[in-house]
Amino acid sequence: MIWNIERECMKREAVRELQLERLKKQVEYAYERVSSVKAKFGAIGLKPSHIKTLKDIEHIPFTTKADMRDAFPYGLFAVPMKEIVRIHASSGTTGRATAVGYTKNDLNSWSEVVARIACAGGAQKYDIAQISFGYGLFTGALGLHYGLEQLGATVIPVSSGNTERQVRMMQEYGTTILVGTPSYALVIGECAKKMGVDMSALPL
């Protein structure tokens with residue numbers, strides 16, 4: 001299914017032109033605003049003006065997890081904090097946490113992209129989506145929340161945990177989409193079985 005006809009149905013050549021335009025813009029933006037990016041470019045003698053084709057992306061040095069940890073919390077931000085409207089971060093379970101900052105435009109773009117993904121997966125505006133990701137610094141819950149709202153679906157922000165309640169809400173609210181990790185979806189299914197609920201009878 002298609003959400004954004006103008007973008008998703010572009011001719012291949014037009015897509016490549018747009019990709020190159022945005023690649024050049026992003027490279028120059030990061031180079032001028034993030035000191036560590038400029039240093040990495042300088043170490044290999046690369047400048048934004050050297051990016052002339054999409055193939056030139058292979059010359060751009062990677063930003064690694066270590067780079068993100070070394071720059072924690074704000075060292076990789078390309079805008080001043082007054083333009084940041086939200087912070088998300090990793091759990092830090094395998095090392096120092098990594099942080100990401102979002103501007104209003106970032107959040108709008110994110111919602112649009114998630115709406116496209118949800119639509120491609122079969123979600124529609126009449127769906128009722130129960131979000132069982134944990135809300136908080138993890139990006140998943142709010143990302144799907146805003147994307148599904150942009151699509152026009154009804155969102156139930158139940159968050160994770162309280163599994164029996166998750167099952168009851170599916171019954172009571174007529175949930176048609178469950179958003180959660182595959183492992184937690186299995187837990188919900190097992191809980192429903194113990195409760196005597198026939199999941200096949202639900203509109204999911």
Side-chain angles (χ1 to χ4, degrees), residues 2-4 6-8 10 15 18-41 48 51 54 57 60-121 123 125 127 129-161 177-181 184:
I2 296 170
W3 165 247
N4 187 322
E6 180 184 354
R7 290 302 188 201
E8 295 177 61
M10 291 173 70
V15 170
L18 181 62
Q19 287 173 332
L20 180 57
E21 174 191 329
R22 291 188 174 179
L23 175 63
K24 288 179 175 179
K25 181 178 178 181
Q26 287 301 110
V27 166
E28 185 171 0
Y29 193 86
Y31 181 86
E32 294 297 334
R33 292 170 174 248
V34 184
S35 59
S36 61
V37 170
K38 192 167 190 174
K40 277 197 169 192
F41 274 49
I51 307 300
L54 286 175
I57 196 172
I60 299 172
F62 286 103
T63 297
T64 67
K65 189 85 167 183
D67 293 328
M68 296 182 75
R69 286 174 172 155
D70 290 345
F72 182 86
Y74 305 138
L76 288 179
F77 287 13
V79 297
M81 285 304 296
K82 66 182 180 180
E83 295 183 35
I84 299 295
V85 298
R86 190 189 301 166
I87 298 285
H88 280 287
S90 68
S91 63
T93 52
T94 60
R96 192 174 194 179
T98 57
V100 181
Y102 295 85
T103 65
K104 285 184 178 179
N105 188 58
D106 291 331
L107 294 181
N108 290 337
S109 296
W110 188 11
S111 297
E112 167 69 16
V113 169
V114 174
R116 288 192 207 177
I117 293 169
C119 185
K125 64 181 181 181
D127 274 309
Q130 183 168 323
I131 298 185
S132 298
F133 279 143
Y135 280 75
L137 289 175
F138 171 57
T139 60
L142 285 166
L144 270 295
H145 183 127
Y146 283 102
L148 285 162
E149 281 187 346
Q150 176 126 338
L151 187 66
T154 301
V155 174
I156 306 172
V158 63
S159 194
S160 58
I177 293 175
L178 175 66
V179 177
T181 62
Y184 189 52

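Computed from heavy atoms alone, side chains included, the values below leave out hydrogens, waters and symmetry copies.
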Atom [atom1] of residue position [X] - does it have more than 12 heavy atoms of other residues, nucleotides or ligands inside 6.0 Å?
X	atom1	answer
Y135	OH	yes
L18	CG	yes
Y146	OH	no

Mind checking whether [X] and [Y] have side chains closer than 4.5 Å, heavy atoms only?
X	Y	answer
F138	H88	no
L23	L54	yes
P61	F41	yes
I131	P157	no
V15	R7	no

How many angstroms lie between [atom1] in [X] and [atom2] in [Y], if you round to the nearest 0.5 Å?
X	Y	atom1	atom2	answer
Q150	H145	CD	NE2	12.0 Å
L151	S111	CG	OG	11.5 Å
D127	L148	CG	CG	8.5 Å
M68	S90	CE	OG	7.5 Å
N105	E83	CG	CD	10.5 Å
L144	I177	CG	CD1	9.5 Å

Where is the tightest heavy-atom contact between [X] and [Y], given as atom of each residue plus distance?
X	Y	answer
M10	E6	CG-O, 2.9 Å
L76	S36	CD2-OG, 3.3 Å
G101	I87	CA-CD1, 4.1 Å
A78	V34	CB-CG2, 3.9 Å
V79	Y29	CG1-OH, 3.2 Å

Margin query: In this structure, is the centre-to-centre distance between the rings of W110 and Y102 below 6.0 Å?
Written below: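 Ring centroids of Y102 and W110 are less than 6.0 Å from each other.
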Compute whether any side-chain donor of one residue and acceptor of the other, for [X] and [Y], lie under 3.5 angstrom apart.
X	Y	result
S132	S160	no
W3	E112	yes
T94	R69	yes
D106	T103	yes

Next item on the list: Assess whether side-chain contact (heavy atoms from CB on, under 4.5 Å) is satisfied between T98 and F72, documenting all intermediate values.
Entry: CA-CA 6 Å; T98 57; F72 182 86; 5.7 Å; no
Notebook entry, point to check: Do the side chain of Y184 and the main chain of G161 share a donor and acceptor less than 3.5 angstrom apart?
Noted result: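 Indeed, once roles are kept as given, a pair shorter than 3.5 Å links the two residues.
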Notebook entry, point to check: Could K40 and D67 be called an ion pair, given the rule that one side-chain N must be under 4.0 Å from one carboxylate O?
Noted result: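 Here K40 pairs with D67 in a salt bridge, since their nearest N and O are under 4.0 Å apart.
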Item checked: Salt bridge flag under 4.0 Å for residues E28 and K24 ->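 Looking at K24 together with E28, the answer is no, because their closest N to O distance does not fall below 4.0 Å.
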Notebook entry, point to check: Yes or no on side-chain contact (heavy atoms from CB on, under 4.5 Å) for V100 and T139, after CA distance, side-chain angles and deciding distance?
Noted result: CA-CA 10 Å; V100 181; T139 60; over 6 Å; no
